[in-house]
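To start, the structure under review is shown below, and the notes come after it.
Note that ligands are numbered from 1 as they come in the structure, with each ligand's atoms numbered from 1 the same way.
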Amino acid sequence: MNLILLGPPGSGKGTQGRKLAERLGIPQISTGDILREAVREGTPLGMKAKAYMDQGKLVPDEIVIGIIRERLEAKDTKKGAIFDGFPRTVPQAEALDRIMEELGRKIDAVIDIEVSDEEVLRRLTGRRTCRDCGAMYHVVFNPPKKEGLCDVCGGELYQRDDDKEETIKNRLRVYREQTEPLETYYEQKGILRRVKGEASIEEVEKEILEFLGIEGRDA
Ligand code: AP5
């Protein structure tokens, strides 16, 4: 199964993507995670991407398309993948269609997780992420058992650089202008499903699983 998770920053793409990847046994491909890793390692790609990310702007299409092309050549994507945060522009979606066609694969479904701007702000200003394993928390909605430490691996929790209020507002603007048109793109292909993202993490997961026809397994 090849699945795209669409939705504004903070809608829960990463949270649901991790759960789905585990359940379906296929990788979650997050362009945001790949770019942040490159920034941490100080690679030429990371240095180029950082300036865009810090301002809440999109990294140029050719860079992220190159990342995806390379990632899809890896064996573990043969059975499918969960795309989290890609595509984000119409040219990216068109490029993904071409790459998938070349590989003899196709996108089966696009889940559009809908949340209001107010909810996005609440969520992202409280988000904390584990430096070691990437597990995600929220100081109020999904707190770790021990403050500042990851429940899964004990790693240190940190706040992302782009989760400052002004940058979040810019990311939202960019989303509405450049990514929202993808709803129409996938709606016209008949593979878009809208999900109410303001329900609890478990309820959102349940709705996605029901749509995918894999409900009822202790979701
Ligand atoms: P990226 O990392 O993709 O960030 P994003 O799309 O802005 O999304 P987030 O990761 O912030 O949110 P999410 O939807 O994954 O929500 P999460 O599950 O974490 O991109 C970052 C930057 O990289 C971009 O700005 C851009 O510069 C660059 N980039 C990346 N991809 C690119 C591309 N394709 N093209 C160009 N540039 C690209 O949840 C958020 C919080 O809410 C967490 O604390 C979580 O615990 C909580 N939460 C989740 N679900 C719920 C719920 N149902 N109820 C209550 N709380 C919840």
- Going by heavy atoms in the side chains, are Met53 and Lys50 under 4.5 Å from each other?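 The answer is no, as the side chains (C-beta and beyond) never meet within the 4.5 Å cut-off.
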- Message: Any non-hydrogen side-chain atom of Val64 less than 4.5 Å from a side-chain atom of Thr89?
- Response: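 Sidechains of Thr89 and Val64: no contact.
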- Query: Is there a donor in the side chain of Thr184 and an acceptor in the side chain of Glu187, or the other way round, less than 3.5 Å apart?
  - Reply: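 The criterion, which ignores hydrogens and geometry beyond distance, is not satisfied for Glu187 and Thr184.
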- Message: Here's one to test your reading of the geometry: is the NZ or CZ of Arg128 within 45 degrees of the ring axis of Tyr137 and under 6.0 Å from its centre?
- Response: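 No, Arg128 does not lie over the aromatic ring of Tyr137.
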Ligand 1 N/O within reach of [X] N/O, cut-off under 3.5 Å:
{"X": "Lys57", "answer": "yes"}
{"X": "Gly85", "answer": "yes"}
{"X": "Gln16", "answer": "no"}
{"X": "Tyr137", "answer": "yes"}

Among protein heavy atoms, which lies nearest [atom], and at what distance?
{"atom": "atom 31 (N) of ligand 1", "answer": "Thr31 OG1, 2.8 Å"}
{"atom": "atom 9 (P) of ligand 1", "answer": "Arg127 NH1, 3.3 Å"}
{"atom": "atom 20 (O) of ligand 1", "answer": "Arg88 NH2, 3.4 Å"}
{"atom": "atom 23 (O) of ligand 1", "answer": "Met53 CE, 3.4 Å"}
{"atom": "atom 52 (C) of ligand 1", "answer": "Arg123 NH2, 3.2 Å"}

- Hey, what's the ring geometry for His138 with Phe141, parallel, tilted or perpendicular (30° and 60° as the breaks)?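 Rings of His138 and Phe141: parallel, under 30°.
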- Task: Ignoring hydrogens, just give me the one of Gly10, Ala199, Gly7 whose non-hydrogen atom is nearest atom 40 (C) of ligand 1.
- Result: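 Among Gly10, Ala199, Gly7, the closest heavy atom to atom 40 (C) of ligand 1 belongs to Gly10.
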- Query: So which of Arg160, Glu198, Lys13 gets nearest to atom 10 (O) of ligand 1, if we judge by its closest heavy atom?
  - Reply: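 It is Arg160 that holds the nearest heavy atom.
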- Message: Could you report the tightest heavy-atom contact between Pro144 and Leu157, atom names first, then the distance?
- Response: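 Minimum heavy-atom contact is CG-CD1, 3.6 Å.
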- Message: Determine whether Asp76 and Lys78 satisfy the following criterion, salt bridge (Lys or Arg N to Asp or Glu O under 4.0 Å), listing intermediate values before the conclusion.
- Response: CA-CA 6 Å; Asp76 68 334; Lys78 273 198 176 152; over 6 Å; no
- Touching ligand 1 at all, Glu203? Heavy atoms, strictly under 4.0 Å?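 In this structure, Glu203 fails to qualify as a contact of ligand 1 - no heavy atom is under 4.0 Å.
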- Heavy atom of Pro8, distance to ligand 1 below 4.0 Å: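 Pro8: in contact with ligand 1 (<4.0 Å).
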What donor-acceptor contacts under 3.5 angstrom involve side-chain atoms of residues 95-104, with partners at least two apart or in another chain?
{"residue": "Asp97", "atom": "OD2", "partner": "Tyr185", "partner atom": "OH", "Å": "2.5"}
{"residue": "Asp97", "atom": "OD2", "partner": "Lys189", "partner atom": "NZ", "Å": "3.3"}
{"residue": "Glu102", "atom": "OE1", "partner": "Arg69", "partner atom": "NH1", "Å": "3.1"}

